[in-house]
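Letters A, B, ... mirror the listed sequences (proteins, then strands); counts begin at 1. As the structure is a computational prediction, the values presented were derived from the model and not from experiment.
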Number of protein chains: 2
Amino acid sequence: MEAISPSKSLVDKTYGALLDAICTGEFRPGQRLGQDEIAERLKVSRQPVNSAIAMLRAQRFVIDTGRRGVEVAPVDAKLFESIYQVRGAIEPLAVELATPRLSPGSITRGREIVARGTRLMHANDARGVLQADIDFHTLIYELSGNEIITDMMQLNWGHLRRSMGEVLRFPGMTLQVWKEHKAIFKAMSEGSASVAADLMRQHIVNAPRRVASGTAPAVSSL
Amino acid sequence: MEAISPSKSLVDKTYGALLDAICTGEFRPGQRLGQDEIAERLKVSRQPVNSAIAMLRAQRFVIDTGRRGVEVAPVDAKLFESIYQVRGAIEPLAVELATPRLSPGSITRGREIVARGTRLMHANDARGVLQADIDFHTLIYELSGNEIITDMMQLNWGHLRRSMGEVLRFPGMTLQVWKEHKAIFKAMSEGSASVAADLMRQHIVNAPRRVASGTAPAVSSL
DNA sequence: TTCATGAAATTCGTATACGAAATACGAAAT
DNA sequence: ATTTCGTATTTCGTATACGAATTTCATGAA
């Protein structure tokens, strides 16, 4: 016999649905989120909606507006910059920690992700490429064995996904990204932790620069 | 005119009360948290309690136990180590960012905190020393201008406070801590960002070592 | 026409109610 | 005496109800 059904709670499902809608841009920045409306759309009562919104507020995905509910937080250039400063410190650490823990199975998984990202990039599947990007970095977080890194960065990727909605339309720019991913993982596979960490550091430094150079008018909003 | 009363919601107050009770050790690890009991003790209904617990669960302060509510998460040595790995990367970054942003006012504030910490240490006020420690590092987070660092580390300090409950009884060990704090802030005041960052890096490396060496039998539980 | 004023309608926060699921406990059978 | 099964109790998740506060809209005065 084995486990029956995880069947998450309505609060979790509501939270996930709202977070996804915010990150994909289905809910625009500044848009008001009414509890009644959401409850009706999701076919649940206001109670799970209220709890989910409380979490989103604690995580800065929505902000309070005076006394009448919340609205979707603006896509903030400062927040974007802050996250990249943090990534610049955390991602190399994750690589250092993960490299000596690599198993044959995880090497296979990593190569699959790199291959998938490269393939989807050539197929101009912007959304798929972003997902592969998230998968690549998340794999390293998990391999690091440091659950704090995993938790922190999962939240941060939520914010990043919002900003990257704008960048998604320039798949060509991600060619260099996937070359770098490949090089990073190669160094990790060979056990060269510090080399891989340096490559990752450079990768993170390059990333916001790419965003800024590729999106002429959108720059100011990032 | 200005704001009338912040008057936080019951959810926030409940969350704060529970978090504090967990961090100070008033709620022991493994202890079951019944919603009814908490609601009665705090003189609120179960609804805010339920929301608050959902947040604490997302932040790993409590864990699910089968189908019957939650219990206080164990004080986990692995989590402690993970946080220190992250701190080793984040704290020097915060110092680098904060140093060029120091104002005369913030220099005064920093010196006050160092003085207070040193004074309370000599007065054997362990709890006050811990608070000063938190204040010192939090000041740097805020001066860094990076709100992600502030948010992340505030959560982490919640977990750290739990572990440090054990260490509090050895105030003598904090002598070196406050010497290092003083040196770090001195370098920052002089604008030597990279020197200060290196001192901070060493400070974080030393910290868990101090904990391990000072608490003979308690080591295994950390 | 424009601004002020007040009543009606929204909408949120919190309390209470209800149903489902798990535990605890006791009775009966081996 | 021990184990097993059924029932009562506890407790959580979710729905609904209620009160307070704000917004909206209409009505009237300058």
Side-chain angles (χ1 to χ4, degrees), chain A residues 1-22 27-74, chain B residues 1-22 27-74:
Chain A
M1 299 285 282
E2 57 148 285
I4 315 297
S5 74
S7 168
K8 295 201 294 185
S9 72
L10 287 187
V11 175
D12 288 338
K13 286 196 246 186
T14 303
Y15 170 83
L18 291 178
L19 181 60
D20 206 59
I22 291 172
F27 289 165
R28 306 303 306 173
Q31 181 177 340
R32 263 202 64 229
L33 296 186
Q35 299 188 352
D36 277 315
E37 183 196 339
I38 294 169
E40 191 170 5
R41 271 218 256 178
L42 267 52
K43 307 292 183 202
V44 298
S45 78
R46 264 184 48 225
Q47 156 62 19
V49 176
N50 192 317
S51 285
I53 285 180
M55 293 194 198
L56 291 170
R57 182 172 39 211
Q59 298 164 355
R60 298 184 188 267
F61 287 104
V62 302
I63 55 180
D64 271 319
T65 65
R67 211 40 170 118
R68 198 62 167 270
V70 299
E71 63 184 37
V72 178
Chain B
M1 298 288 281
E2 57 148 287
I4 313 298
S5 70
S7 170
K8 294 202 294 184
S9 71
L10 287 187
V11 176
D12 288 339
K13 285 196 246 186
T14 303
Y15 169 85
L18 291 178
L19 181 60
D20 206 59
I22 291 172
F27 289 166
R28 304 303 308 172
Q31 180 176 344
R32 263 200 67 229
L33 296 186
Q35 299 188 352
D36 276 316
E37 183 195 337
I38 294 169
E40 191 170 2
R41 270 218 255 177
L42 268 53
K43 306 294 182 201
V44 298
S45 78
R46 264 184 49 225
Q47 153 64 20
V49 176
N50 192 315
S51 285
I53 285 181
M55 293 195 203
L56 291 170
R57 183 170 38 211
Q59 297 164 355
R60 297 182 187 266
F61 287 104
V62 302
I63 56 180
D64 272 319
T65 64
R67 216 51 167 110
R68 197 67 166 269
V70 298
E71 63 183 38
V72 178

For A:Ala73 against A:Arg60, the heavy-atom pair lying closest together: CB-O, 3.5 Å
Results of side chain to side chain contact (heavy atoms under 4.5 Å, CB included) for A:Pro74 - residues two or more places apart only: A:Ile63
5'-most by nearest nucleotide on DNA chain D - A:Ser45 or B:Val70: B:Val70
Toward the 5' end of DNA chain D, by each residue's nearest nucleotide, A:Pro48 or A:Thr65: A:Pro48
Interatomic distance where CD1 belongs to A:Ile53 and P belongs to C:dC12 [whole Å]: 7 Å
Residue closer to the 5' end of DNA chain C, A:Gly69 versus A:Gln47 (nearest nucleotide): A:Gly69
Residue list, salt bridge (charged side-chain N to carboxylate O under 4.0 Å, His left out) with A:Glu40, at least two apart or on another chain: none
Integer-rounded Å distance: C:dT11 C1' and A:Arg68 CZ: 5 Å
Pairs where residues 49-71 of chain A contributes a residue and the test ring-ring contact (aromatic ring centres under 6.0 Å, His included) is met, not counting sequence neighbours: A:Phe61-A:His159
Set of salt bridge (charged side-chain N to carboxylate O under 4.0 Å, His left out) partners for B:Asp36, sequence neighbours left out: none
Sugar-phosphate, base or nothing in reach of A:Gln35, heavy atoms under 4.0 Å: sugar-phosphate
Interface limits on DNA chain D, where chain A has a heavy atom under 4.0 Å of a nucleotide atom: D:dT14 to D:dT23
With B:Arg57 via side-chain hydrogen bond (donor to acceptor under 3.5 Å, both in side chains) - residues at least two apart: B:Asp64
Let me check something: any side-chain donor-acceptor pairs from residues 41-51 of chain A under 3.5 Å, sequence neighbours excluded? List them with distances.
| unit_1 | atom_1 | unit_2 | atom_2 | d |
| --- | --- | --- | --- | --- |
| A:Ser45 | OG | A:Gln47 | N | 3.3 |
| A:Arg46 | NE | A:Gln35 | OE1 | 3.1 |
| A:Arg46 | NH2 | A:Gln35 | OE1 | 3.4 |
| A:Gln47 | OE1 | B:Gln47 | NE2 | 3.1 |
| A:Gln47 | NE2 | B:Gln47 | OE1 | 3.0 |
| A:Ser51 | OG | B:Ser51 | OG | 2.7 |

A:Ala58: side chain to side chain contact (heavy atoms under 4.5 Å, CB included) partners, not counting sequence neighbours: none
Under the 3.5 Å Watson-Crick or G-U criterion, the dot-bracket string of DNA chain C, with | for inter-strand pairs: ||||||||||||||||||||||||||||||
